[in-house]
Structure formats: structure tokens, C-alpha cells
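Since this is a predicted model, take the numbers as computed values, not measurements.
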Amino acid sequence: MQRFDSSATDGSPRHVRSWRRQRAARVVGMTLVGALALGTASAATLYQDLLSKFNAMDVTGLVIGGQPSPPADPSDPFKDRAVNLLVMGTDLRDEANAAIAGEGEGMRSDTTMLVHISADRRWIEVVSIPRDSTVRIPACNVPDGGLSRPQTGRFNSAFSIGGGTQEDLAHAAACTITAVQDLTGVTVTNHAVVKMNGIVDVVNAIGGVRMCLPEPMVQTEGGNLRLDAGDQVLHGELAIAYLRARKGHGMGLELGSDLARIERQQAFISATMRQILSAETLADPGKMYGLVSAALSALSADPQLADPQALVGLGWSLRGLGSADVVMTQLPVVPDPGDPENRVVWGDGADEIWQRLADDTPPPGHEAAVTVPAGGGEQPPGTTTEPGSGGQDTSGGVGQGGAGQGTTEPAAPAPEPSPSREVLLDGVCA
């Protein structure tokens, strides 16, 4: 498991970094909510422009197995609920994607991540599911109205099984959700499908993603990617080539495995988040609007995620998160005895990860708690009140809470220098 913290990279005080994190949520929130509330021509135009980017894809009735419980407040479907968002990348070769990755038959999921957002919005845990995992794929609804047969195969084949010869995206997503729920016991509450060409626009919207490669990277099969060691800025199609590369030299390409590629993809996600949370991005309204617009255009998502007001509510609830609270978890795997060169099976510890997500339990490193004053008031920077401490302010003052008078919340990260190379994924700049 890797953790990263871009909130401390510039040495700025905690309250400044907190302001920046909150501003990211406010940019999205005020853009949409402002359009709704003001009703001016310009605001309405802005709102309608963003609304037109949403592509809702309802799989209700197509998923077999667990169904998320209905929200207590339909007007705010994410309120007080843990979110299990299944993000599916696809290598469907329609015209736009074929221009990037070349012609190809069929539709398969390329990268699949289960993103768990805690109910108290204190952490996010991201688990990548290797596409070459040998798994038991359950029966799925298919476009002709029938059911596929249960079968054992690569995990990413669930997407093509569900899509059928019609290559129906909703059925493909539903079959992948059905398989994930059956395999993990985690109920998927929301989903999104991302096409390759969508990533191009997102990356370009933030001016490319900066990475620092410890060695040259040369792709020898399936493309002509060549990157020198050192500081690199990966723009749209170059970023796609980096994310898709599997065989070559450098950055794990020698292994030719999906597992090494997952590590590179997680490093790219880490670097992207550090850049989005940087002052360079957050202080640029045009860049932020372009990022939001590109992200919405890249997704085919469930109706809740495609509802601007609900999405704003979810984004606002995450305003207190720093990038250190986003945990990238690697699924433990071992070679598949039946095909050790090309496939893997989930190893010891996988069930513990899935159970943790199902139970909304913090990942290792996020169990620490402090007591805040009753009534939910915020503490001054530097104040730490432990249960039973009588509300002593460790910064030298006297707090207001007493033993048993507060609520328990995870501790806020203290200011620290940029993470050392030992705790960053290969390719992420310090």
C-alpha cells in the first residue's frame, strides 16, 4: 500500500493548505450551485454547458446480486453514506479511441478500480483489480434478454461478456459490477466508465502531468513510446501511451505484466492528484473549469453521479480531504498455477481488503483519532485533544472540551516536508 501527500509539498502553513483543498471543492460547487441560484443568462449558460457534458448510464435491473439501499434523502443521495464507486476504463475501439490505440475487435475493460469513499469523508481507498486475474465470472444479463453462462476466465472478460456482440456499454458495465460484487462481497453503489480519449482531454486540461522517471522508458511492443529519465510532462496522447504500455525496457516494462502496469498507473494517478491540488491549478479558474468540463465529458456514469446537484454535494463533502487521505492499495496476487506466465489469482490478504471496504473500516494508518469540542467546532491549528485529557491544548493554551464531552475524529495531518523518495511511487516527483 502506498500513500502520498501533496498537501505539504510547498512548505506552506496548514491553514493555507486547508484553504487550497477547500477551494478545489468550492470551484466546482459554486460554478454549478451559483448557476442554479442566480439564474442569470451567463450563469444559466455555464450550468447548461456543464450539464450537457454528463452522460447518464442507468444499469438498474441489469446488475444481478446486491443492490445499494435507497438513499434516506433522495435530494442528497450521497449524504452520510459510504460510496463504493467502480471505475472502469475501456479499450472499446470506436472511431475516437481507435485513433489513439489503433484498430481492434471487441470491447474489454482495460483498467478497473474500486474507489471507496468513507461515510464520514475522512479517507478514500482505491483498489485496482488486475485485468489478468483468473476469476469465476457469474451469469450476467446480456443485450438479447438472456443470461450468459457462469465461467472462469480473465476478470476483464466480464465487460465483453456483458456487452455481447452488440457491444452495449450499459450491459458491459452491469456484468462487471455483478462480477465485482460476487467476487468481493462489496456492494457497488455507483459506477463510471471512462474511454481512452476522455483521459486525453482531462490531462490536457491541467496542462499535462509532471512525472520524474528514475530511468528511461522504451516501449517495444504495441507502440513507440520513448521517455528519457528525469523530469517529464506527459500530455494527452503521451499520457495514454504511458498508461497502456506493457512491454519494453524501464519502469517495469521488462516484466510485461499487468501488475507492473498497475504500479505505473497508480503512480500516474498520484502525480495527477498532486498537480490538481497544487496552487498552479487551484488558483486558475479557467484551468479548473476546463478540468471539470473534461472530466464530465470523459464519463458515462450512473444517474446519481450524472446529477450536477448531487455531484456538487459529494464534492463539497470531500473538501476537508488532503491527498494524504487517499490510499492506493495493491491487491495481493500470486501467479495462476494454470498459466503462471500470463495470469494471476488473488492471494492471502485480498479478503481482508474487501471486508474492510464492505465494513467502511479505515485502512492502516488512518485509525488515529482525536477529540474535538462538543458541538463540532473546529480546533485552532496545533490543538490536539485526546480522550480523557481534559481538553488540554498541546499548543500551550487551554481547550474547552473535557473527558467524554467531545466526538472522535481522525487526526489532521501535521505540516511536514515533501515526502521522501522512499514513500513515493516510482515516477512521482518529490
Side-chain angles (χ1 to χ4, degrees), residues 51-65 67-68 83-101 104-117 126-131 137 140-143 148 154-181 183-184 186-203 236 239-240 243-244 262 265 268-269 272 292-308 310-311 314:
L51 183 62
S52 69
K53 309 294 184 183
F54 285 95
N55 182 22
M57 183 175 63
D58 194 353
V59 298
T60 302
L62 299 181
V63 175
I64 299 175
Q67 298 288 336
V83 176
N84 293 314
L85 168 62
L86 190 68
V87 180
M88 296 160 275
T90 176
D91 58 3
L92 170 65
R93 304 303 171 83
D94 56 14
E95 182 177 353
N97 289 290
I100 295 173
E105 296 183 359
M107 60 188 300
R108 293 165 297 277
S109 58
D110 188 65
T111 297
T112 303
M113 296 181 293
L114 187 56
V115 181
H116 176 81
I117 304 174
V126 182
V127 183
S128 294
I129 302 177
R131 56 179 283 176
I137 300 172
C140 292
N141 285 305
V142 290
S148 64
R154 280 186 170 92
F155 169 77
N156 73 324
S157 65
F159 200 83
S160 56
I161 290 171
T165 56
Q166 298 90 333
E167 297 188 346
D168 183 88
L169 200 61
H171 281 81
C175 188
T176 304
I177 294 169
T178 297
V180 167
Q181 294 190 151
L183 292 165
T184 68
V186 178
T187 299
V188 175
T189 61
N190 301 91
H191 68 271
V193 177
V194 186
K195 293 183 180 180
M196 287 182 290
N197 62 310
I199 298 175
V200 171
D201 294 335
V202 171
V203 170
I240 289 292
L243 292 170
R244 288 180 50 81
I262 285 176
Q265 290 173 344
F268 182 86
I269 293 171
T272 303
V292 173
S293 178
L296 299 183
S297 301
L299 301 175
S300 294
D302 64 88
Q304 288 182 350
L305 284 179
D307 179 346
L311 190 58
L314 177 61

Does [X] reach the main-chain N or O of [Y] with its side chain, forming a donor-acceptor pair under 3.5 Å?
{"X": "Asp302", "Y": "Asn190", "answer": "no"}
{"X": "Thr189", "Y": "Asn84", "answer": "yes"}
{"X": "Ser160", "Y": "Asn156", "answer": "no"}
{"X": "His191", "Y": "Met57", "answer": "yes"}

Please identify each residue that fulfils side chain to side chain contact (heavy atoms under 4.5 Å, CB included) with Thr272, with sequence neighbours left out.
->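 Per chain and number, Thr272 pairs via side chain to side chain contact (heavy atoms under 4.5 Å, CB included) with Ile206, Val209, Phe268, Ile276.
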
Could you go through the side-chain contact (heavy atoms from CB on, under 4.5 Å) check for Phe155 and Thr176 one step at a time?
-> CA-CA 8 Å; Phe155 169 77; Thr176 304; 4.0 Å; yes

State which residues pass side-chain hydrogen bond (donor to acceptor under 3.5 Å, both in side chains) with Thr187; sequence neighbours excluded, sorted by chain then number.
->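 Once residues adjacent in sequence are excluded, Thr187 has no partner under the side-chain hydrogen bond (donor to acceptor under 3.5 Å, both in side chains) criterion.
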
Contacts of type side-chain hydrogen bond (donor to acceptor under 3.5 Å, both in side chains), residue Ser300, not counting sequence neighbours =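 For Ser300 the side-chain hydrogen bond (donor to acceptor under 3.5 Å, both in side chains) partners, ignoring immediate neighbours, are Asn55.
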
Any side-chain heavy atom of Ile64 within less than 4.5 Å of one from Asn141?
->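 Yes. Closest side-chain heavy atoms under 4.5 Å.
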
Is the shortest heavy-atom distance from the side chain of Arg131 to the side chain of Thr112 under 4.5 Å?
->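 When only atoms from C-beta onward are counted, Thr112 and Arg131 do not touch, as no gap falls below 4.5 Å.
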
Strictly by modelled atom types, are Ser128 and Gln265 linked by a side-chain donor-acceptor pair under 3.5 Å?
->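 No, because no side-chain N or O of Ser128 sits under 3.5 Å from a partner of the opposite role on Gln265.
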
Which atom names give the shortest non-hydrogen contact between Ala158 and Ile137, and what distance separates them?
->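 Closest heavy-atom pair between Ala158 and Ile137: N-CD1, 3.8 Å.
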
